[in-house]
Amino acid sequence: MKEIRRIAVLGSGLMGHGIAQVAAQVAKYEVSMRDIKQEFLDNGMRMIKNSLQRFQKKDIISETEMNQTLSRIHPTLDMKKAVADADLIIEAVPENVQIKKSVLAEADKLAKKDTLIASNTSSISITDLASATNRPEKFCGMHFFNPPQLMRLVEIIRGAKTLDETIATIADVSKKMGKETVIVKKDSAGFVVNRILIPALNEALNLVWEGIADRDDIDKAITLGLNWPMGPLKLLDYLGLDTTLSIAEVLQKEIDPKYSPCPLLRQMTRAGLLGRKTGKGFYDWEKK
Ligand code: 3HC
C-alpha cells in the first residue's frame with residue numbers, strides 16, 4: 001500500500017472544502033486546496049472555519065485542534081503548487097465531464113509519477129475520467145456524501161484499469177478520515193447510493209410537477225414516513241438542483257431512458273433556483 005502524507009483537493013466548493021477539512025482535521029494530512037478564483041477559495045475557507053467552530057462549540061475539538069487543522073490546509077490558485085508534492089489528488093470540481101477531464105489532465109501532467117488520483121464524481125464514468133490521465137491504474141472513484149464533515153460513507157469505485165493496490169490505499173485513507181467504505185466493483189453510473197437516491201428525488205419533483213401534493217406535505221411524508229433526516233425537496237436544495245440534474249442525465253444516458261429528469265428540475269435549474277448555493281430553490285435559504 002502506498003504511504004500518503006500530502007493530499008491535494010481540487011475544488012473548494014460544497015464537497016471540496018468538506019473533503020479538505022476532514023483530511024486535515026481527522027486524518028491530519030497536509031492538504032492543499034486548489035480553486036480557480038480567490039473568491040471560491042475564500043468561501044471554501046469560510047465554510048471550513050464555520051464548520052470547525054461548530055465542532056469546537058460542542059467540544060468535539062479543542063481551539064488548538066481547530067487552529068492546527070486550519071494551519072494544515074493550504075489554499076492556492078496554483079495547480080502546480082497544489083499537486084507537485086501530493087501523494088494523492090482528490091478531484092472535486094463541478095459535475096461536468098469536460099471540466100473534470102481538463103482539470104484531471106492538467107493535474108496528471110504536473111503530479112509525481114506515483115501519485116494516486118481519485119475523483120469525487122457523483123455519477124460520471126470512472127473509466128472515462130481515468131482516460132484523461134496517463135495513470136488509469138492509479139485512478140479510482142472516491143465518492144463522499146454531503147456534508148462530508150458529518151456523513152460517514154465513502155463509496156470507492158473501481159475503473160476498468162484500477163489496480164487492487166489503488167483501491168486498498170484509498171480504503172486506508174478513507175478509514176484514516178474516519179469513514180466507512182463500500183466497494184463498487186463495476187464502474188456503473190450513479191454507483192450505489194445515487195442509483196437509488198436520484199430516482200427517489202426525481203419522483204418527489206414529479207409529485208410537485210403533477211400537482212399531487214405540496215412541498216411541505218411531500219417533505220413531511222418522507223421525514224415521518226421513512227425517517228429521512230430531511231425531506232426530498234429540502235435535500236434537493238441541499239445538494240443543488242443543477243448537480244442533481246447532471247446526475248439524472250448521466251443515469252438516463254448511461255443506464256436507461258427511464259431515469260429521464262422531471263421537467264421541473266430542468267426548469268428550476270435554468271431559472272437559477274439551485275437551492276442553498278443560490279439562496280433559493282424549493283425553500284428560501286437567505287432567511288436562514
Ligand atoms: N460541519 C459541522 N457541523 C455541522 C455541519 C457542518 N458542515 N452541518 C451541520 N452540522 C451540525 C449542526 O451544527 C447541528 O448540530 P447540533 O444538532 O448539535 O446543533 C447538526 O449538524 C444539525 O444541523 P442543522 O441543525 O443545521 O440541521 P440540518 O437538518 O440543516 O442539517 C444534516 C443536518 C446532517 C445535513 C442532516 O439534515 C442530514 O443528515 N441530512 C441528509 C443529508 C444527506 O442525505 N446527505 C447525502 C446526500 S447524497 C450525496 O451527498 C451524494 C451526492 O453525490 C449527490
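Every number for a ligand or one of its atoms is a count from 1 in the order of the listing.
Close approach of ligand 1 to F55 (heavy-atom distance below 4.0 Å) involves ligand atoms 2 (C). Atoms of ligand 1 lying under 4.0 Å from at least one heavy atom of S51, given by number and element, are 1 (N), 2 (C), 6 (C), 7 (N). Numbered from 1 in the order shown, with element, the atoms of ligand 1 that lie under 4.0 Å from a heavy atom of H143 read 51 (C), 52 (C), 53 (O). The F145 neighbourhood of ligand 1 comprises atoms 48 (S), 49 (C), 50 (O), 51 (C), with distances under 4.0 Å to a heavy atom of that residue. Distances below 4.0 Å separate heavy atoms of Y238 from the following atoms of ligand 1: 35 (C). Near L197, with a cut-off below 4.0 Å to any heavy atom, the atoms of ligand 1 are 48 (S).
Not a single heavy atom of W228 sits under 4.0 Å from any atom of ligand 1. The shortest separation from a heavy atom of M47 to ligand 1 is not under 4.0 Å, leaving the residue out of contact.
Looking at L150 against ligand 1, only its side chain comes within 4.0 Å, counting heavy atoms. The residue T244 has no part lying near ligand 1, judged by heavy-atom distances below 4.0 Å. Under 4.0 angstrom from ligand 1, there are no non-hydrogen atoms of N50.
Looking at D237, its side chain never comes within 3.5 Å of a backbone N or O of R276 through a donor-acceptor pair. Between the side chain of T269 and the backbone N or O of L265, at least one donor-acceptor pair lies under 3.5 Å. Judged purely by atom type and a 3.5 angstrom limit, R135 uses its side chain to pair as donor or acceptor with the backbone of T115. With D214 contributing its side chain and D216 its backbone, the two residues share no donor-acceptor pair below 3.5 Å. Judged by distance alone, with hydrogens and angles left aside, the side-chain atoms of D108 form a donor-acceptor pair with the main-chain N or O of N134 at under 3.5 Å. In this structure a side-chain-to-backbone donor-acceptor pair under 3.5 Å is present from D87 to R6.
By the side chain to side chain donor-acceptor pair (under 3.5 Å) test, R158 pairs with D164, sequence neighbours left out. Not counting sequence neighbours, Y283 has no partner by the ring-ring contact (aromatic ring centres under 6.0 Å, His included) test.
The closest non-hydrogen atom to atom 54 (C) of ligand 1, taken over T121, T223, N194, L235, comes from N194. Of all the listed residues (H17, M230, R276), M230 holds the heavy atom that lies closest to atom 40 (N) of ligand 1. Summarising the contacts of atom 8 (N) of ligand 1 with R54, Q53, Q149, the nearest heavy atom is found in R54.
More than 12 non-hydrogen atoms from other residues, nucleotides or ligands lie less than 6.0 angstrom from NZ of K112.
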